[in-house]
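Throughout, protein chains are lettered first and strands after them, A, B, ... in sequence-line order, and every chain is numbered starting at 1.
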There are 2 protein chains.
Amino acid sequence: MRRQFITIKDIARELGISVSTVSRALRDAYDVNRETREKVLAKAAELHYKPNFNAIGLVQSNTHNIGVVMPGITNYYFSTVFTGIEEVAYENGYNLILFLTNDSPEREQRLIQDLSLSSLDGLLVSLTSPEDRHYGQVLENGIPVVFFDRVGGDVRTSKVMQDDYNGAFEATQHLIDSGYRHIAHIGGPAGLAFSRQRRQGYADALEKNGLALREEWVVHSGFSQECGQQDVEQLWKLPVKPDAIFAVNDRKAIGAMLALKARGVQIGPEVGVVGFTNDPVSGIISPSLTTIAEPAFEIGKISCELLLKHIARKHFEPKAVTLPGKLIIRESSRKHP
Amino acid sequence: MRRQFITIKDIARELGISVSTVSRALRDAYDVNRETREKVLAKAAELHYKPNFNAIGLVQSNTHNIGVVMPGITNYYFSTVFTGIEEVAYENGYNLILFLTNDSPEREQRLIQDLSLSSLDGLLVSLTSPEDRHYGQVLENGIPVVFFDRVGGDVRTSKVMQDDYNGAFEATQHLIDSGYRHIAHIGGPAGLAFSRQRRQGYADALEKNGLALREEWVVHSGFSQECGQQDVEQLWKLPVKPDAIFAVNDRKAIGAMLALKARGVQIGPEVGVVGFTNDPVSGIISPSLTTIAEPAFEIGKISCELLLKHIARKHFEPKAVTLPGKLIIRESSRKHP
DNA sequence: TAAAGTAGCGAGAACGTTCCCGGAAACAAC
DNA sequence: GTTGTTTCCGGGAACGTTCTCGCTACTTTA
């Protein structure tokens, strides 16, 4: 069971010098002769020496591990954020330990309880629960946390998110500019901050253009494509039907489009649809989906960079970074060909 | 910089007993009085004790970390495999450290060189390079490796893959059964084993049905959608054009479909298309894509289960598991409506 | 030429845990 | 009352590394 690796003791013995010297030589070169250092480096390479991070972590109590907590990894947004995180982490010699909550708040809770804080230097979190209080204890233990995308409001730390409000505003404004007047909104879970933000952007755009917000045209449910389909079914039971839909994300927008197609509704001319995310699918489907592109990769990069700063400096002042989205106009919002 | 956590020493001191006893009490209950054990457990909970995995790992030289090496995480297949891996790992108390190669063999090489073997109990790998020799050293160090999806042939260890040959055979047979006779194949990088397998399945299905394989109708390039588009451009320069395409994966199939659409070719009636993967997109696009569904989630689960067995038993006999794919018939291969 | 400074190195504790071994106490058996 | 057995607990080494301190030998300064 127990494995045996080359250690600095082996190097020291073979070279007839002390472990202290080997240790110094392998890190900074201070207090060690150039020749000695080169001999150590050569021997280390020859023996294929690999440092034992458990030992280093034990004495330095840092681990070069970063925990990433996400609802899932199978969708475009999160996997792209992760790729951004990975780029920065890899460059800085950090490993990423990925935890998935599967959109279950209970699992998120349990995960944090079980988390071995001593094997983590920091945490990058996109919340599953509507609140972030359970991360307070992590922070108190001196483990920096950076929230991205789904952020909370209770815990004082850095956050990175897209500009949900303005994105939603712009999306809705675009529908209005395209000639639609009866605009519905199919949103995410009502408890989550970004659901509220996007809804607010939608509502304010309506108001600014003198359009009334009809409560029955605003539906909140889950994130999935199926939810999008169900939401449309619900909307289409109403006596007065909308002529456009702003969806909280592309998956729901696509669900909505499928439901509309099934009803024989022409997307674009009859009913306009705008999503949010810019999932690659949105450019492939037919008609292609107008959407707000989220800077997912950037969000991953910036989150990780901020976390590294928190790790490096105990009292790094928390920052809140908001990145703008970008309206991508495609066919699903073209009323007049 | 240095953080302070509750240790078993603190528990021992507060309870007036030795660290050995606390250590025993927190693990198996053998050799420790029930009362003592309960007192320890209570105190540990009260102080919010969390074990230090660096220390445990140092003495036991196991870490409860599994490394996962993949080309990327942003596509459906790999993110789903990862989710399967995560399920098993989480149940068994293992953390996952995810490394991405970005489809760069050099980066894969460098990654393995840098890998701190002492902080890993095992490795789950989908190859980026066409060969697996560089993992030999990892195995020699006593770190079990399990390959999935893109497996190699040199290193003797467990492998988990889908049945590429039969999947490709079935896909091609389906095209023939549907009435297509001039079937082209747009494949992955020629060096990779599964590219060859799928190509062979395609070739054998042609042969079995008495159709000639035309070398100019077989194109090998990368994996991306753009590659699929380019491959079609290349095929459509030929004097005799194919009337069907079997693509090595859905992304290339979709690229091909976009290129065909751009040329005004009707997909289905004029040219049949079959992919491989069953990416969710394939059911959403129009026309929907006929494809071979890969058991991605299952592959993740089984790979991780096998790896855990290798970790538990030094001389666990390597297994090669092949999972069947499943033909999903949709619109893109419907010649006669 | 003596004092002071500096470069380079080694000894040994420390990090938090497990594990091996020895021993005390309690009890049973002769 | 001695011996043996069991139950429970403590001491201390070990894991591989860093880090602090102190020592030697050489160089510089006055």
Sugar-phosphate only, base, or nothing, as touched by B/Phe53 at under 4.0 Å among non-hydrogen atoms: nothing

Which residues share a ring pair (Phe, Tyr, Trp, His ring centres under 6.0 Å) with B/Tyr77, sequence neighbours left out: none

Whole-Å gap separating P (D/dT17) and CD1 (A/Ile56): 7 Å

By side-chain contact (heavy atoms from CB on, under 4.5 Å) - contacts of B/Ala44 (at least two apart): B/Ile11, B/Leu26, B/Tyr49

Qualifying residues under ring pair (Phe, Tyr, Trp, His ring centres under 6.0 Å), relative to B/Phe78, sequence neighbours excluded: none

Interatomic distance where CG belongs to A/Asp10 and P belongs to D/dT17 [whole Å]: 9 Å

Euclidean distance, atom CG of residue A/Asn52 to atom P of D/dA14 [Å, nearest integer]: 17 Å

End axis versus end axis in the helix from C/dT1-D/dA30 to C/dC30-D/dG1, the angle rounded to 10°, five pairs used at each terminus: 50°

Set of residues satisfying salt bridge (Lys or Arg N to Asp or Glu O under 4.0 Å) with respect to A/Glu46, sequence neighbours excluded: A/Lys43

Per-nucleotide protein contact string for nucleotides 4-11 of chain C (B base, S sugar-phosphate only, - none; heavy atom under 4.0 Å): ----BBBB

All ring pair (Phe, Tyr, Trp, His ring centres under 6.0 Å) counterparts of B/Phe53, not counting sequence neighbours: none

Distance, rounded to the nearest Å, where B/Lys39 contributes NZ and D/dC8 contributes C1': 13 Å

Interatomic distance, A/Arg27 CZ vs D/dG16 P [rounded to whole Å]: 17 Å

Rounded interatomic separation in angstrom, taking CD1 from B/Ile11 and P from D/dC9: 15 Å

A/Gln60 side-chain N/O to C/dA14 phosphate OP1/OP2 under 4.0 Å: no

Residues that A/Lys309 engages under side-chain contact (heavy atoms from CB on, under 4.5 Å), provided they are two or more places apart: A/Phe316

Residues which pass ring pair (Phe, Tyr, Trp, His ring centres under 6.0 Å) with A/His134, listed by chain and number, not counting sequence neighbours: none

Derivation of the side chain to side chain contact (heavy atoms under 4.5 Å, CB included) call for B/Thr21 and B/Thr36: CA-CA 9 Å; B/Thr21 307; B/Thr36 325; 4.1 Å; yes

Nearest-Å distance for atom pair CZ/P, residues B/Arg13 and C/dT17: 12 Å

For the student: nearest non-hydrogen atoms of A/Ser23 and A/Ile8, plus distance: CB-CD1, 4.2 Å

Protein-nucleotide distance (A/Leu58, atom CG; C/dT17, atom P), rounded to Å: 9 Å

